Amino acid sequence: MSDANSRSIVSNQAGIHEKLDEIVNKHLEAEFKKPIAAHTQAAFDEVNAKVQAFSGPLILDSCCGVGESSANLAKRHPDALIIGIDKSSHRLDKHDVEYKQTDSGQYILVQADLNDFWRLAVAANWQPTHHYLLYPNPWPKSKHIRRRWHGAAIFPFIVKLGGKLEVRSNWDIYVKEFARALELTGSPCDVTLYESDDAITPFERKYWASGQQSHRLIINLPRACCPLGSF
């Protein structure tokens with residue numbers, strides 16, 4: 001399939017999921033007790049040593065895929081350290097072959113489960129200036145609402161990380177749901193169309209070539225000082 005024929009999101013939802021508020025509020029009040037996977041703990045420890053030794057701004061590029069976005073963000077934020085995280089070694093392995101960019105900026109790519117990595121980052125008191133979620137999987141079927149980041153148990157830790165959060169997707173309902181979830185934490189924000197002459201992810205390039213629009217939210221989140229298990 002060519003980029004110009006990228007399929008649009010198909011969903012049995014016509015708007016924000018009817019149980020979103022109930023799901024988000026439950027996660028905000030609950031304690032996330034899932035054990036940390038050993039491989040993610042090891043990956044985090046290695047990256048954390050570099051983060052603690054770095055004195056400049058810290059930026060997270062979550063769900064970084066092949067890492068093209070991380071490399072481009074490093075160019076846009078040359079004084080920062082970019083941490084690109086993705087669960088897929090298959091996607092990350094493509095970076096050295098197709099997307100290696102080292103002429104400016106600093107970035108590290110790490111394979112890890114974000115459900116664990118974000119919790120470890122909060123516990124280690126990471127304070128990113130920016131947090132990008134540029135092409136998260138929207139899980140468009142209504143029954144999969146709890147697999148979307150804003151409907152998952154990990155969502156409170158995205159909020160607790162703080163920083164300038166930016167979420168983009170070609171599915172407007174996904175971003176609107178994310179904005180509603182943030183509103184339930186006391187951080188309302190707007191969803192707008194995003195247009196640019198330069199795509200910084202392969203997904204954006206594919207969407208735009210097929211005539212699809214990108215939807216975006218941006219919000220400055222305060223760094224949480226509350227207990228890790230509750231708001």
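Everything numeric in this text was worked out from a predicted model, so none of it was measured. Numbers here are sequence positions counted from 1.
For the residue pair Q52/N48, the side-chain donor-acceptor check at 3.5 Å is satisfied. With hydrogens and angles left out, the side-chain atoms of S62 and W149 include no donor and acceptor closer than 3.5 Å. Under the 3.5 Å distance criterion, with hydrogens and angles disregarded, no donor-acceptor pair is assigned to the side chains of Q13 and E18.
For the pair F44 and V47, the minimum side-chain heavy-atom distance is 4.5 Å or more. Taking the side chain as every heavy atom from C-beta outward, S214 and L193 never approach each other to under 4.5 Å.
Here the straight-line distance linking atom CG of L114 with atom CZ of R119 works out to 11.5 Å at 0.5 Å rounding. Atom CZ in R216 sits 3.5 Å away from atom CD1 in I218 (nearest 0.5 Å). For the atom pair L73 CG and I200 CD1, the distance stands at 4.5 Å (nearest 0.5 Å). The distance from the NE2 atom of H144 to the NE2 atom of H17 is 10.5 Å, given to the nearest 0.5 Å. For the atom pair OG (S69) and CZ (R76), the distance works out to 10.5 Å, reported to the nearest 0.5 Å. Between the NE2 atom in H215 and the CZ atom in F178 there is a gap of 16.0 Å [rounded to 0.5 Å].
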Please set out all donor-acceptor pairs under 3.5 angstrom arising from side-chain atoms of residues 77-86, sequence neighbours excluded.
from : atom 1 : to   : atom 2 : distance (Å)
H77  : NE2    : Y132 : OH     : 3.1
D86  : OD1    : S88  : N      : 2.9
D86  : OD1    : R91  : NE     : 3.0
D86  : OD1    : R91  : NH2    : 2.9
D86  : OD2    : G65  : N      : 2.8

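The main-chain N or O of A152 is found under 3.5 Å from a side-chain atom of H27 such that the two form a donor-acceptor pair. In this structure a side-chain-to-backbone donor-acceptor pair under 3.5 Å is present from T185 to L182.
Residues L28 and P156 come closest through the heavy atom pair CD2-CG, 3.9 Å. In terms of heavy atoms, I23 sits closest to I145 at CD1-CG2, 3.7 Å. Closest approach of L133 to L165, counting heavy atoms only: CD1-CD1, 4.4 Å. Residues P138 and W171 come closest through the heavy atom pair CB-CE3, 3.4 Å. Contact record, I59 with T129: CG1-OG1, 3.6 Å, taken as the closest heavy-atom pair. Heavy atoms only, all atoms of each residue included: F117 and A112 are closest at CD1-CB, 3.6 Å.
The side-chain hydrogen bond (donor to acceptor under 3.5 Å, both in side chains) test applied to K34 returns D116, not counting sequence neighbours. Legend: residues meeting salt bridge (charged side-chain N to carboxylate O under 4.0 Å, His left out) with K164, ordered by chain and number and at least two apart, are absent. Applying the salt bridge (charged side-chain N to carboxylate O under 4.0 Å, His left out) test to R180 and every residue at least two apart in sequence or in another chain returns D21, E183. Taking the salt bridge (charged side-chain N to carboxylate O under 4.0 Å, His left out) definition, one finds that D113 meets it with nothing, sequence neighbours left out.
Both I16 and V167 belong to a common hydrophobic cluster when Ile, Leu, Val, Met, Phe, Trp and Tyr are linked at side-chain heavy-atom distances under 4.5 angstrom.
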*Derivation of the side chain to side chain contact (heavy atoms under 4.5 Å, CB included) call for E68 and T201*: CA-CA 6 Å; E68 182 179 353; T201 78; over 6 Å; no

*Evaluation steps, side chain to side chain contact (heavy atoms under 4.5 Å, CB included), between L120 and I36*: CA-CA 8 Å; L120 290 169; I36 301 291; 3.9 Å; yes

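For residues 38-66, no pair satisfies salt bridge (Lys or Arg N to Asp or Glu O under 4.0 Å), with sequence neighbours left out.
With respect to the salt-bridge test (charged N to carboxylate O, under 4.0 angstrom), the residues R168 and E166 qualify.
Geometrically, R147 engages W139 in a cation-pi contact, judged by NZ or CZ lying under 6.0 Å from the ring centre and within 45° of the ring axis.
Taking the six-membered ring where the residue is Trp, the centroids of W118 and F155 are separated by 6.0 Å or more. Ring pair Y174/H150: centre-to-centre distance below 6.0 Å.
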